[in-house]
Structures are given as C-alpha cells and as structure tokens.
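For reference, the structure discussed in these notes is given below.
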Amino acid sequence: MRRQLTFAIGIIIVALAGVVYTITSGNEPLLGLDLQGGASVVLEPEPNEDGSEVSDDVLDQAVDIIRNRVDGLGVREPEISRQGSTVLVQIPGVEDQQRAIDLVGQTAELRFRPVLGDGSVDNPFPAMSKALCAPESAEDEDALLELFNDPTPDADSDECMVAVDRAVPEVRYLLGPAPLLVDQAENPGARLTGEVLETAAARLQLAEWVVNISFRSGSPGIDDFNSLASECSRGTQVCPPTGTSPATGAFVGRVAVEIDGVVESAPTVGIDNFERGQVVISGGAMTERTAKDLALVLRFGSLPVELTPQESRIVSSTLGEDALDAGIVAGLIGLALVSVYLLVYYRLLGVVAIASLAVSGAMLWTMIAWLGDSQGLALTLAGVTGLIVSIGVSVDSNVVYFEHLKEDVRAGRTVRSAVERAFPIAFSTIVKADVASLIAAVVLYLLTVGQVRGFALFLGLATVLDLIATYFFMGPVIRLMARRESMGEHPKRFGIPFADVETAQAGS
C-alpha cells in the first residue's frame with residue numbers, strides 16, 4: 001500500500017511542479033504557421049543551362065542557405081524542407097510576410113565588375129565602352145544599345161552586361177566581366193564573386209545606412225578586390241583609360257557592386273590597397289530595412305541555383321487565431337463529452353479516469369511548452385488534432401482496466417481481489433495497444449513531411465505520457481480505493497453493478 005501511495009503522490013507532485021515551472025518561467029507553446037499566421041512559399045529551381053535537372057546536393061545546399069537566412073530574421077521554428085524537386089519554406093509569426101518570402105528566394109549572386117560607362121536612356125554608353133565590349137558589326141551595336149535601354153538582369157553573366165542602378169533606376173551601367181581571381185592555381189577560372197566575402201553588416205554612417213563588407217584575407221579575398229581596384233585606377237585594359245573626356249560620359253576608376261543584375265553601389269576606387277573591412281556598399285535609396293536585408297543575404301551567401309516561387313501563401317494572424325480557437329473548442333467539447341460518459345457509466349471510477357487525464361494533460365502541457373521554448377517545437381493545427389485524438393487513446397486505457405475489473409467480479413472474485421488481479425492483465429493489453437499507436441506515429445513521423453509529422457509527434461508524445469499516468473496514477477489510486485470497505489459495500493458508486501457482486505458472492 002505504501003508503494004502505491006508513493007506512486008500516486010509522486011506523479012501528482014511531478015505534474016503540479018511542471019505546471020508551476022511552466023507558469024513561473026513564462027514558457028508557452030510555440031504556435032506554428034497555421035495558428036499564428038505567417039508566410040509559406042514553394043520554390044522551384046530553374047533548370048541548368050543545358051536543360052538538366054538540378055542535383056539533390058545543390059538543392060540541399062540551397063535549403064541550408066535559406067534556413068540560415070530565415071534564422072537571421074529571428075524567426076522561431078521555421079519549416080524549411082525539400083519536397084521532391086521543390087523547396088517548401090514556412091515562416092510563422094513574421095510581421096512582414098512578403099519581405100520574408102522575397103528574402104528566402106533571392107539568389108543574391110554578388111559580383112564585383114569594372115564600370116565601362118554609364119548614362120540614361122537618352123544618353124547611351126560612350127564609344128570607348130563600346131570598343132571595350134567589342135561589338136563586331138552594326139547589328140551587334142544595335143543589340144547592345146537595345147540591351148542598354150531595356151536591361152535584363154543576368155547574375156551569372158561572365159561577359160559585358162548592362163545593369164540598372166538600384167538607387168536611381170533611370171541610370172544604366174555598362175559593366176565589364178567579373179575578373180578572374182588572383183590565385184588561379186587553386187581557383188582555376190573562378191570569378192571575383194561573393195565567395196571573397198567573410199561577413200557583412202548593416203550600420204548607420206553619417207546619417208546614411210550602408211552595408212559594411214569584410215573580405216577574406218588573401219585569395220579568394222581582399223587581394224582580388226585590390227587587384228581589380230588597382231587595374232581600374234591605373235587605366236589598364238580592364239577599365240577605360242584615365243583621362244577619358246567627360247563629354248563621352250565614361251566613368252574612370254569605378255567598381256560596381258552588382259547583385260542579381262542590379263548595381264547596389266559603384267564607388268570610385270584608388271590605387272591604395274583597401275583593408276579587409278574598409279569597403280562599404282551605399283546608395284541613396286538604402287533604408288535601414290534594405291541595408292539589413294542586403295547584409296543578411298550577403299552574410300550567408302548566394303543560392304547555388306535560381307529559385308522561382310511556384311506557390312506562395314500568406315496566413316494572417318486573424319485566420320491563425322480563428323484556427324486555434326476552433327481547435328480549442330473542439331478539444332473542450334470532446335473532453336466534456338468523454339467526461340460525461342465516464343461519470344455516467346463508471347461513477348467514481350470515472351472520476352479517477354478524469355483525474356488521470358488531468359495528470360497526463362498537465363505533463364503534456366509542460367513538455368509542449370518546454371520543447372517550444374528550448375527546442376523551437378511548434379504546435380500546429382495538425383498537432384492539436386493529434387492531441388484531441390490522444391484523448392481517445394487515454395480513455396481506452398481506463399476502459400480496458402475497468403472492464404477487466406468488472407469481468408473478474410462477474411467471475412466470482414471480490415472487488416478487492418479483482419482490482420489486484422485485473423490491473424496487470426489490463427496494463428499488458430494497454431501497453432500492446434499503445435505500442436501499436438506508437439509504431440504508427442513513428443512511421444508517420446519518419447516517412448512524411450509537413451504538418452503530418454506534427455500530428456504524429458504529438459500523438460506519440462501523448463501516448464507515452466498516457467502509459468506513465470496509467471501505471472503511476474490510475475492503477476495505484478484504484479488499488480488504494482479498493483482497500484477501503486466502501487468499494488465492496490457500495491459497488492454501484494464505482495460503476496460496478498450490484499447484480500455482478502451478488503452473482504460473485506453466490507458463486508463463491
């Protein structure tokens with residue numbers, strides 16, 4: 001009897017301590033996209049230049065980069081996963097959903113290019129720049145002029161290209177090829193791209209937001225940028241020679257910072273070497289948000305493949321709250337109906353069953369809140385469904401025991417002996433049934449993606465806690481009740497029909 005009392009009191013203390021800890025520590029369940037609102041987008045990779053499909057390794061690399069970007073936004077428990085040849089990104093709780101969608105899918109291919117000339121639609125690039133890009137015929141020149149008037153971003157271009165200025169879209173730049181890196185032995189054919197960066201950070205400089213970029217040391221790194229800056233400044237073949245007449249519109253000694261075919265900044269560079277953290281990207285149109293977004297995508301690198309939004313969905317917080325309210329109402333209605341059934345059919349045994357549900361529910365709430373706070377586990381609508389289904393699993397455990405008890409009484413045993421004999425047999429059946437549920441939950445979790453995994457996880461967690469509550473609370477409490485004479489004297493109060501007791505006594 002002392003052992004049973006220890007079990008019952010011990011698990012009650014554990015459940016109450018968990019609730020107190022959850023409340024005092026401020027832990028609360030972390031809600032998923034469908035319960036608190038947010039953004040969801042399915043990204044599809046563009047085929048390779050030869051028309052072949054993008055490899056799995058490239059997609060996995062893209063998923064890692066996107067995950068780092070989303071973490072940089074401060075989003076808790078984003079869901080970023082591959083679904084076949086596409087990438088699913090779900091970002092709960094962000095205020096600016098469209099900004100998040102734009103950020104995760106931005107290729108952010110960074111290249112440093114020499115500026116060969118600039119102008120507006122009415123002032124096309126200068127003759128000197130045309131010569132450097134070497135149009136061989138009038139048709140080539142016309143094509144280049146058409147491109148200048150209507151530039152098409154091409155982040156992967158290693159040739160001359162026309163790009164717009166992000167701060168002043170009316171301005172067009174004619175850019176030379178991104179130069180090869182200095183260290184050709186280790187990087188044969190590699191271009192001066194974002195791989196030379198170590199990190200990037202947004203900061204306020206003289207009332208203007210800029211992005212301070214820090215280069216890697218050596219090559220690929222600051223040596224390659226300084227080599228490009230020096231060539232542009234000295235007037236080598238890479239850039240227009242110094243002294244070009246301003247009337248032609250040529251710009252001398254400028255290096256463009258081009259991202260996805262758009263010039264973020266085109267600073268003038270000198271012959272002196274730059275330090276690793278001395279280069280900044282600035283622009284008149286750069287705000288705090290755009291500077292931080294740019295620093296974010298540069299810090300975690302460009303995507304290895306161009307991703308196109310195939311399907312995007314924005315869930316408002318209002319819709320999420322409605323879904324949560326509906327889930328809570330459904331759970332309360334189900335719990336109320338089950339409680340009424342237990343009380344009507346099993347009387348005081350039903351009270352024990354409801355108390356067992358409360359104990360397992362308290363432990364479950366503590367676990368969900370703790371996992372949400374420490375591990376970022378999000379509770380979705382599918383997870384709520386799993387919790388509602390788990391109510392039925394818990395009730396089944398109680399019903400199995402109670403019916404075994406009644407069968408033993410009908411078979412001629414006293415109520416006290418029936419309680420002792422029925423529990424081990426019933427618990428063995430309960431374990432087998434719950435293990436079957438756990439196997440289904442594990443299979444669903446391992447072989448599915450998205451919200452189905454949430455359903456499986458919470459159903460499995462609730463099933464394990466049900467076994468704990470059954471063994472350490474329900475069984476011991478009913479055994480303690482059976483030691484009191486009232487259970488044998490007033491069996492109806494415990495849901496055991498008096499006729500069953502009479503039959504048992506007559507048989508004995």
Side-chain angles (χ1 to χ4, degrees), residues 38-39 41 62 64-76 78 89 91 93-113 115 118 151 153 155 163-173 175 178 192-216 221-222 224-225 228-229 251 254-269 274-303 306-307 309:
V41 61
D64 290 339
I65 293 173
I66 291 173
R67 182 175 289 112
N68 289 332
R69 288 182 183 178
V70 175
D71 290 343
L73 287 172
V75 178
R76 295 181 62 192
V89 182
I91 311 173
V94 291
E95 296 182 0
D96 192 338
Q97 292 96 339
Q98 191 57 53
R99 172 201 177 199
I101 291 177
D102 293 340
L103 273 179
V104 298
Q106 182 181 353
T107 306
E109 177 64 32
L110 168 66
R111 289 175 183 255
F112 296 94
R113 298 175 180 270
V115 177
D118 81 341
V164 299
D165 188 301
R166 186 178 298 278
V168 187
E170 294 78 15
V171 174
R172 307 287 193 263
Y173 293 94
L175 307 179
L192 185 53
T193 64
E195 66 179 323
V196 301
L197 295 190
E198 183 175 81
T199 189
R203 60 186 177 88
L204 191 60
Q205 176 179 286
L206 299 176
E208 178 187 16
W209 279 96
V210 299
V211 176
N212 185 201
I213 55 180
S214 179
F215 287 85
R216 299 179 188 274
I222 188 62
D224 303 291
F225 182 81
L228 171 62
F251 279 74
R254 297 177 67 182
V255 173
V257 181
E258 174 258 314
I259 300 178
D260 292 343
V262 178
V263 175
E264 298 286 345
S265 180
T268 300
V269 292
F274 290 89
E275 299 295 332
R276 289 175 54 200
Q278 192 176 352
V279 180
V280 298
I281 302 174
S282 62
M286 191 172 292
T287 63
E288 178 181 3
R289 195 185 80 172
T290 57
K292 290 182 177 179
D293 288 350
L294 177 59
L296 179 66
V297 296
L298 292 180
R299 187 160 60 247
F300 296 115
S302 63
L303 295 177
E306 183 179 353
L307 297 174

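Start at 1 with the first residue, then count along the sequence.
The distance from atom CG of L192 to atom CZ of F225, rounded to the nearest 0.5 Å, is 8.0 Å. If you take CD on E208 and OG1 on T287, they are separated by 11.5 Å, rounding to the nearest 0.5 Å. I281 CD1 to L294 CG: the interatomic distance, rounded to the nearest 0.5 Å, is 5.0 Å.
Qualifying side-chain hydrogen bond (donor to acceptor under 3.5 Å, both in side chains) partners for N212, counting only residues two or more places apart in sequence or in other chains: none. Considering only residues two or more places apart in sequence or on other chains, E275 meets the side-chain contact (heavy atoms from CB on, under 4.5 Å) condition with Q278. Shown here are the salt bridge (charged side-chain N to carboxylate O under 4.0 Å, His left out) partners of R203, two or more places apart in sequence or in another chain: there are none. In this structure T193 satisfies the side-chain contact (heavy atoms from CB on, under 4.5 Å) test together with E109, R111, R191, E195, sequence neighbours excluded. R67 is linked by a side-chain contact (heavy atoms from CB on, under 4.5 Å) to V63, D64, D71, I80, counting only residues two or more places apart in sequence or in another chain.
When all heavy atoms are compared, the tightest approach of A291 to V211 is O-CG2, 3.4 Å. In plain terms, the two heavy atoms of F274 and A229 that are nearest each other are CE1-CB, 4.0 Å. P309 approaches L307 most closely through the heavy-atom pair CD-O, 4.0 Å.
Looking at heavy atoms from C-beta onward, L175 lies in side-chain contact with V263 at the 4.5 angstrom threshold. Side-chain atoms of I259 and L298, non-hydrogen and from C-beta on, do get closer than 4.5 Å to each other. Side-chain atoms of D224 and F112, non-hydrogen and from C-beta on, never get closer than 4.5 Å to each other.
If you run salt bridge (Lys or Arg N to Asp or Glu O under 4.0 Å) between E198 and each of R276, R216, R299, only R276 comes through.
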